[in-house]
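Remarks on the structure that follows.
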Amino acid sequence: MKNQKTWVAVILLGTVAVNAGAYLMVRSRRAAPPEPVATRLPTPTPAVAPPASEPPPSEDANAGVIRALRASGLAALEDRDYGRAVAQFTEALKLLRPDDKDSDLTRLLGIATDLRSREQSKPAQAPTPREPAPGRTPPRTRAAKLAAARAAREQQATPAAAQEEARGGLLLVTSTPPGLVVMVDGRAVDMTPARLTVSAGAHRVVLAQGDRRLYEETVEVDADSVRSLNRDLTAELTPPAPKPAVAPVAAVVPASPPSAGTPVAAPRDPEPAKPPEPSVANAAVAQRGDLEVTSPGLYGEVWINGRPYGFPPISAQALPSGPAKVEVRVNGEVKRRMTVEVEPGRSTRVRVK
């Protein structure tokens with residue numbers, strides 16, 4: 001019994017000693033000085049400068065690429081490579097700004113797509129010759145014979161008409177800038193860019209702006225072919241710079257000295273200069289005026305005094321003063337007609353509703 005008490009006492013003393021040692025150790029660690037900040041901070045990594053972003057392409061650069069793609073697409077149309085033309089016009093349209101989506105590239109893309117579809121559908125549209133139905137008995141009555149003869153004539157006329165229609169060709173007319181009136185054989189038919197179906201042979205094509213004929217050429221269109229006509233008329237549309245007026249220089253003739261004994265006439269007072277009379281050309285210009293026509297509610301071709309001036313808004317200059325007949329035509333049909341008074345020396349605005 002005495003030994004058991006001794007061991008219990010030893011165990012209790014050992015436990016107390018161990019706990020006391022652990023407490024002193026923890027307290028000494030808490031009281032130790034903190035580690036220098038310099039040793040605890042991570043090693044700074046060198047700052048890497050972000051890659052400089054490339055400057056966005058300027059509008060001038062995009063404009064040059066768009067012009068190059070447009071010219072490449074027009075060349076592809078002339079070479080009948082309609083797939084490449086569609087690709088070039090599509091790439092050019094992607095580079096346009098949102099406010100420039102009404103460019104002529106949209107119409108050129110539609111023309112190229114239509115031609116590509118037509119080229120791809122040619123083999124499928126080849127007519128198959130009709131074979132006579134087997135076992136068909138010849139007509140016996142007179143009425144049946146006449147009906148059979150009429151059907152035979154119609155059957156022969158149908159391939160002839162299809163062949164005559166296939167002999168025509170397509171004429172593609174484009175210009176820089178677009179929006180010029182296209183006249184074929186003296187008749188205004190469309191505005192650039194234009195896709196026209198014409199008969200095979202020679203045709204006189206005129207590009208005009210109002211009354212001004214900017215370009216004329218005779219184009220030969222082969223049967224069942226495509227002929228392209230593309231002209232840059234920017235220089236013709238730029239008004240020439242006015243030439244400075246040069247006053248005439250009067251020649252000075254030295255006067256000979258009077259001889260002895262010759263009476264000298266007294267100098268006369270110079271007569272007042274008369275105001276220059278207006279020339280006939282200035283009078284004609286003073287009797288002309290301008291018309292500015294807009295049509296926000298109806299999109300059609302504007303004709304003034306029986307002549308086409310293009311699609312609104314248009315500015316018709318140097319019109320004879322007095323009443324002018326203004327018409328808006330859609331597909332050749334007159335939709336609006338009105339009479340406007342042209343005032344001399346002034347520009348009159350007309351709004352077609």
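The two residues V342 and D290 have their closest heavy-atom pair at CG1-N, 4.4 Å. Of all non-hydrogen atoms in G73 and A85, the two that sit nearest each other are O-CB, 3.7 Å. Contact between V302 and P312 at its shortest, heavy atoms only, is CG2-CD, 3.9 Å. For the pair A92 and L105, the tightest heavy-atom approach, listed with the atom from each and the gap, is CB-CD1, 3.7 Å. Here the shortest heavy-atom pairing between E341 and G322 reads OE2-CA, 3.4 Å. Scanning all heavy atoms of the two residues, the minimum distance from A202 to T218 falls at CB-CG2, 4.1 Å.
Under the 4.5 Å side-chain contact rule for hydrophobic residues, V340 and V328 share a cluster. If you chain together hydrophobic residues whose side chains sit under 4.5 Å apart, W303 and M191 never meet in one group. Tracing side-chain contacts under 4.5 Å through hydrophobic residues (I, L, V, M, F, W, Y), one never reaches L207 starting from I314; they form parts of separate clusters. With hydrophobic clusters built from ILVMFWY side chains whose heavy atoms lie under 4.5 angstrom apart, I304 does not share a cluster with M183. Under the 4.5 Å side-chain contact rule for hydrophobic residues, V293 and V334 do not share a cluster.
Between Q209 and E236 the shortest side-chain heavy-atom distance does not fall below 4.5 Å. No side-chain heavy atom of T192 sits under 4.5 Å from any side-chain heavy atom of T174. For the pair L95/L69, a side-chain contact is recorded, criterion being any heavy-atom separation below 4.5 Å from C-beta on. Looking at V8 and L12, their side chains come closer than 4.5 Å, going by heavy atoms from C-beta outward. Side-chain contact between F89 and L77 is present, with heavy atoms from C-beta onward closer than 4.5 Å. R288 places a side-chain heavy atom less than 4.5 Å from the side chain of P320. Residues V181 and F311 fail the side-chain proximity criterion, which asks for heavy atoms closer than 4.5 Å. Looking at heavy atoms from C-beta onward, L180 lies out of side-chain contact with V173 at the 4.5 angstrom threshold.
S175 contributes a side-chain N or O that, together with a main-chain N or O of P177, makes up a donor-acceptor pair within less than 3.5 Å. S228 contributes no side-chain N or O that, together with a main-chain N or O of L172, makes up a donor-acceptor pair within less than 3.5 Å. The backbone N or O of A324 sits nowhere less than 3.5 Å from a side-chain atom of T339 that would complete a donor-acceptor pair. When atom types are taken as modelled, the side chain of S72 and the backbone of A68 share no donor-acceptor pair closer than 3.5 angstrom. A donor-acceptor pair is defined here as one N or O able to donate and one able to accept, closer than 3.5 Å; no such pair exists between the side chain of R227 and the backbone of D222. Between the side chain of D114 and the backbone N or O of G110 there is no donor-acceptor pair closer than 3.5 Å.
In this structure, the separation between CD on E91 and CD1 on I66 is 11.0 Å, given to the nearest 0.5 Å. The OG atom of S199 lies 7.5 Å from the CG atom of D185; values are rounded to the nearest 0.5 Å. With rounding to the nearest 0.5 Å, the separation of CZ in R67 from CG in N62 is 11.0 Å. Rounding to the nearest 0.5 Å gives a distance of 5.0 Å between CZ of R204 and CD of E216. To the nearest 0.5 Å, atoms CD (Q120) and OH (Y82) are separated by 11.5 Å. In this structure, Q317 CD and Y309 OH are separated by 10.0 Å, a value rounded to the nearest 0.5 Å.
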| How far apart are the C-alpha atoms of M338 and V352, what are their side-chain angles, what is the distance that settles it, and do they pass the side-chain contact (heavy atoms from CB on, under 4.5 Å) test? | CA-CA 9 Å; M338 59 192 305; V352 182; 3.9 Å; yes
| request: Output, in order, the C-alpha distance, side-chain angles, deciding distance and verdict of side chain to side chain donor-acceptor pair (under 3.5 Å) for T176 and R70. | output: CA-CA 11 Å; T176 303; R70 181 178 182 271; 3.1 Å; yes
| request: Take E119 and R116 through the salt bridge (Lys or Arg N to Asp or Glu O under 4.0 Å) test and state the conclusion after the steps. | output: CA-CA 5 Å; E119 191 72 16; R116 183 180 62 178; over 6 Å; no
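The number of heavy atoms from other shown groups lying within 6.0 Å of CG (N331) does not exceed 12. Within 6.0 Å of CZ in R80 there are more than 12 heavy atoms belonging to other residues, nucleotides or ligands.
Salt-bridge annotation for D190 and R107: present, with a side-chain N of the basic residue lying under 4.0 Å from a carboxylate O of the acidic one. Taking a cutoff of 4.0 Å between a charged side-chain nitrogen and a carboxylate oxygen, R349 and E292 qualify as a salt bridge.
For the 3.5 Å distance criterion, the side chains of S295 and R336 fail to qualify, holding no donor opposite an acceptor.
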